[in-house]
Structures are given as C-alpha cells and as structure tokens.
2 protein chains.
Amino acid sequence: MASPAAAVPRAARTPTTPQKDDKRKQILKAAVKVFAEKGYHGCRISDVAEEAQVAYGLVYHYYGNKDGLLAAVFDTNWSVFAKAINDVAEQPGLTMFDKLQQIVELGFQAFEMFPLVVKVLVLEFGRNSRLGEALENPAVAGVFASIARIFEQGKKTGELYEGIDPYAISVLFMGMLETAFVSFVLTANSSRSKVQSHITVDNMKATVLSMCQRALLGAVSKKSAAI
Amino acid sequence: MASPAAAVPRAARTPTTPQKDDKRKQILKAAVKVFAEKGYHGCRISDVAEEAQVAYGLVYHYYGNKDGLLAAVFDTNWSVFAKAINDVAEQPGLTMFDKLQQIVELGFQAFEMFPLVVKVLVLEFGRNSRLGEALENPAVAGVFASIARIFEQGKKTGELYEGIDPYAISVLFMGMLETAFVSFVLTANSSRSKVQSHITVDNMKATVLSMCQRALLGAVSKKSAAI
DNA sequence: CTCCGTTGGTTGACATGGAAATCAAACGTG
DNA sequence: CACGTTTGATTTCCATGTCAACCAACGGAG
C-alpha cells in the first residue's frame, strides 16, 4: 500500500515501456490505439496484446471477449466526457449559449488532446448498429439528456428561437459536432491537417460556434437568460 | 430475340417470387435488406443468398467478394442521390436557401421511401474507416463539392452570413442531415416512430430547415440572391 | 423434325484459412 | 506452500471463397 515507487523493479523499465505495471490499463490503452488504427473489425486480439506488450490470454482474462474489450474502452473514456458535459449543463449562472460554447470547446479540446480516443468513440461506437445500440446506452442517453436540458432552458428563457424543438435540436447539435470530428478523423490523423480544401480545426470550431449563435439565439439579453 | 414473354415458364413464377429473373438485381436488393438488418460485419453471404432466393455461389459469381457486394450496393444507390443533389446545385434561378431546402426535402423523401437503403448508406458506409474511405470516394466527394458550391453561391450573393466558411459549413450541413437519419434509423425501423421523447420525422425536418434559415441567411432579399 | 453439343447462367457441398476463445502450466509474491 | 497473475500453444469454430457439376435454352447437323 504505502510502498514507495522503488518497490517496482527498475531494471524492467525501459524508456519505451509504460511506467504502470497495471497491465489492465495497458491493454485498454493499446486497444484504443489499435481500434483507431485498424478498426474494431479489422484488428485481432493478438494485435492488441502485442501493442500492449502482454500475453494474448491476458486480454481475455481481464475483458472476457472482444466485445467486452470494446465496451470497456467505451465506458472508460465516454464517462469522462459524460461527466464533463453534465457538469456544464448543471452549472448555474450561465446562458444557453455559454453552455453550448463550453461543450463545443470541451469537444474540440478532447479531440486535440486525444484524437485516437475520439476517433474510436465516434467511428467504432457511433455507428456500430448492434453492440450497445448507441442511443439505447444509458451513458449516451445521459449526455443527450444533458444537452436537451440546456436547450430546454433556452426555450424557457426565450434564448432559443420559437419553433425549434429542444430535443430535435439536441440531436442535430451532437451530430454537427460528431461530423466535424469524423471529417478530420477520416482524412488525416494530424489534428492540424486540412480537410477538403482548407478547413482547419479552428476554422471548424468557429463555424460551429457561429452556427449556434446565429441559429439558436433569440433576442433575449444574456443576463435574463442565465440560470 | 423477338420471342414473346410466353417463352418464360409461367409455372416457375409464384406470387412471392419477384417477377424479375434478373438475379443480379435480386441479390443487390437482398443485400440492402440484410446489411440493414444485421450489419455488414454481422451477416454472412449465405444470409444474402437466402434472402435473394439464390445460390450461395451466385453472389460470388456476380460480385466477386463481400466487399465487392457492399461497393455495388453503395454505388448503385448513392449515384441516384448524387445526381439528384447535383441537379439541385446546378439549377439556375434559385437562392441558396431554396437549394438547401430542396436537398433537405430530397433526403427526407429518400428516407421515408427507402429507409433501409438510407440506413445502409449512412451506417455501413459513412463510418467504415477502410473500404473506400468515404470522403476519398469520388462519388461522395462529388456530392460534397456540390453542396460546397451552393454555400459558395451564398457567400457571393451575401445570403450566407459573413465569417462562415462555405466548406466547413457544408460538412456540418451534411452531418446534420446524416445524424438526423441515424437517430431515426438506430431507434426504430418505422419512419413515423418516435425518437427519444417525441421527435417525429416532420419535426426533425422542420428543425433542420429552421436551422438553415436562421443560421445561414444574411439580410439579402431572395431576388438578388438567386442565381 | 429430332437429337445432341455448346454455351452461359446457376447450384451448393466442400476445402481453406484465420481469428476467437480455452486451458493447463509456469511464474512470482506474500 | 498457496493463490492470483500471466503465458501462449492448442483447440474450436465458422465464414469466405472455390469449383466441378447441373440445367435450360439454342442452333446446327443428321
């Protein structure tokens, strides 16, 4: 418990070896990388084991089977976003637009810091028609609920245009974000690279925010809209 | 050559058997259904053959391999959308919003008429990181180019807000549409059913259009914006 | 007019390869 | 020594893709 770091055999640590001797986490991390690079269906468990520098069987020991591994990858990483988004949604004293802005910021930050994680979440999970059924997954549904609550707030305060459905718009909002990431993820791995002609990440972010501002905001002053 | 239809043995035709003796098309049609129901990776060629009421080997005879089948499904169906969208983009005398509206209409019509086709195109193709690489596919790129051209028109005529990038917004626009379909497709097969709480197809369509109108339109009159 | 060989579409049992999952043994730590 | 961790060769399974035979129409020869 209280053992100092020295308890771990130093000789075993090469610069390329992760410091953690927690192989469970190593596998999870390797899975993200391998799934991102070759796709869930395109990779073998042995690829993950190799990447994690771990025996084949250990993957099964910890995660049961391939689906279990993907599920673990998802749960572990998504829960972070879910919590962050939920926190934003609940935060008092902010307007609808403030919150949306923070969420967009959150998403793009995550994408720049952990592009592989975002790639796996978006590509391997967002569309895998079976396995969790996406929207049926409580963790996913929770995020949608949070977003929807933000738009409902906007509707109450008049910040959201009349005639826009809070639920429908929450789906579209998430879709915009998701597609933005997919467009980068599918064309290059570098987060600063270009899509199509000349779209940069910053450019995309600005456009998303502009959309939110122009598309949604009624003529209500920020003060009265804050909750 | 000039032989009448009577040449075909009538007895072989049962009411449940498709009239076409063109098994090639039968296979394509069956593939759409099977891919939509079980997913590309989740189904076997034998499933397709069975659905098409055709021998296993015939699928290979016509389409070479499983990937070839998916590619054929995509090409066949996507080309229809591609052409329609391109036509809208080129049509003279319409404002940017007119064109966007037509495209939205087009998409929702397609979804209501051929939900399975849309499901396959969106789910199995949109995210399959290998296989055509989506955005790299010329047929897909062509549609994006058409959409981008519409937004560029808007930029020229001032119909599109200043500071919104035509290319970035074209990605987001497509993403909104795609997500709208995905949200229906993942939750139910009936196009009239509800998602989340109470979102209907009509509701979603209205919201998308509203977004376009509010988010994009500058203060330019329609007349001057038409091209 | 009938018969048979040819051709193209069609069949489905089978061989193949490859990946998932198992499991019994080795390890090492307390 | 005992128990949790780790190993990786072995087993199991099954979907893909192959292939040799089948059939139905046609046309030319007898």
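Residue numbers start from 1 in every chain, and the chains themselves are labelled A, B, ... in the order their sequence lines are given, proteins ahead of strands. Hydrogens, waters and symmetry mates play no part in the numbers below; they use all other heavy atoms, side chains included.
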- Message: Pairing donors with acceptors under 3.5 angstrom, does anything connect the side chains of A:T207 and B:D165?
- Response: no

- Any residue meeting ring pair (Phe, Tyr, Trp, His ring centres under 6.0 Å) with B:F173, in chain and number order, not counting sequence neighbours: B:F151

- To the nearest angstrom, the CD1-C1' distance between A:I27 and D:dG8 comes to 14 Å

- Between A:H61 and B:K66, who's closer to the 5' end of DNA chain D by nearest nucleotide? A:H61

- Message: Using a 4.0 Å heavy-atom cut-off to protein, can you give one letter per nucleotide of nucleotides 18-23 of chain D, 5' to 3': B if the base is in contact, S if only the sugar-phosphate is, - if neither?
- Response: B-----

- Message: Taking ring pair (Phe, Tyr, Trp, His ring centres under 6.0 Å) as the definition, give me every residue that meets it alongside B:F81, ordered by chain and number, with sequence neighbours left out.
- Response: none

- Query: Considering only side-chain heavy atoms of B:A55, which listed nucleotide, C:dA21, D:dG17, C:dT11, is closest?
  - Reply: C:dT11

- Item | salt bridge (charged side-chain N to carboxylate O under 4.0 Å, His left out) partners of residues 99-111 of chain A, not counting sequence neighbours, each pair once | A:E105-A:K205

- Query: How about B:F108 and B:F181: are their ring centroids closer than 6.0 Å?
  - Reply: yes

- Message: Once you measure the plane-to-plane angle for B:F111 and B:F184, does it fall in the parallel (<30°), tilted (30-60°) or perpendicular (>60°) bin?
- Response: tilted

- Between CZ of A:R44 and P of D:dC14 the distance, given in whole Å, is 21 Å

- Once you round it to whole Å, what is the distance between P of D:dT16 and CG of B:L58? 16 Å

- CA sep, side-chain torsions, deciding dist, call: A:E124, A:K119, salt bridge (Lys or Arg N to Asp or Glu O under 4.0 Å): CA-CA 8 Å; A:E124 299 303 331; A:K119 178 169 180 174; over 6 Å; no

- Minimum heavy-atom distance between B:S183 and A:V171, given as atom pair plus value: CB-CG1, 3.7 Å

- With a non-hydrogen cut-off below 4.0 angstrom, is A:Y63 in contact with a base, only sugar-phosphate, or nothing? nothing

- Message: Rounding to an integer number of Å, can you tell me how far B:Q26 CD sits from C:dG9 P?
- Response: 15 Å

- Task: Would you kindly give the CG-to-C1' distance between B:N65 and D:dT16, to the nearest whole Å?
- Result: 9 Å

- Item | Whole-Å gap separating C1' (C:dA20) and CG (A:L70) | 15 Å

When the side chains of residues 56-64 of chain B are checked against the rest of the protein, which donor-acceptor pairs come out under 3.5 Å, sequence neighbours left out?
residue : atom : partner : partner atom : Å
B:Y63   : OH   : B:R24   : O            : 3.1

- Separation of C:dG12 atom C1' from B:Q53 atom CD, nearest Å, is 16 Å

- To the nearest Å, give me how far apart CG (B:D22) and P (C:dG8) are. 17 Å

- Bend angle of the helix from C:dC1-D:dG30 to C:dG30-D:dC1 from five-pair axes at both ends, rounded to 10°? 20°

- Query: What nucleotide, of D:dT7, D:dT6, D:dT16, holds the atom closest to the side chain of B:I45?
  - Reply: D:dT16

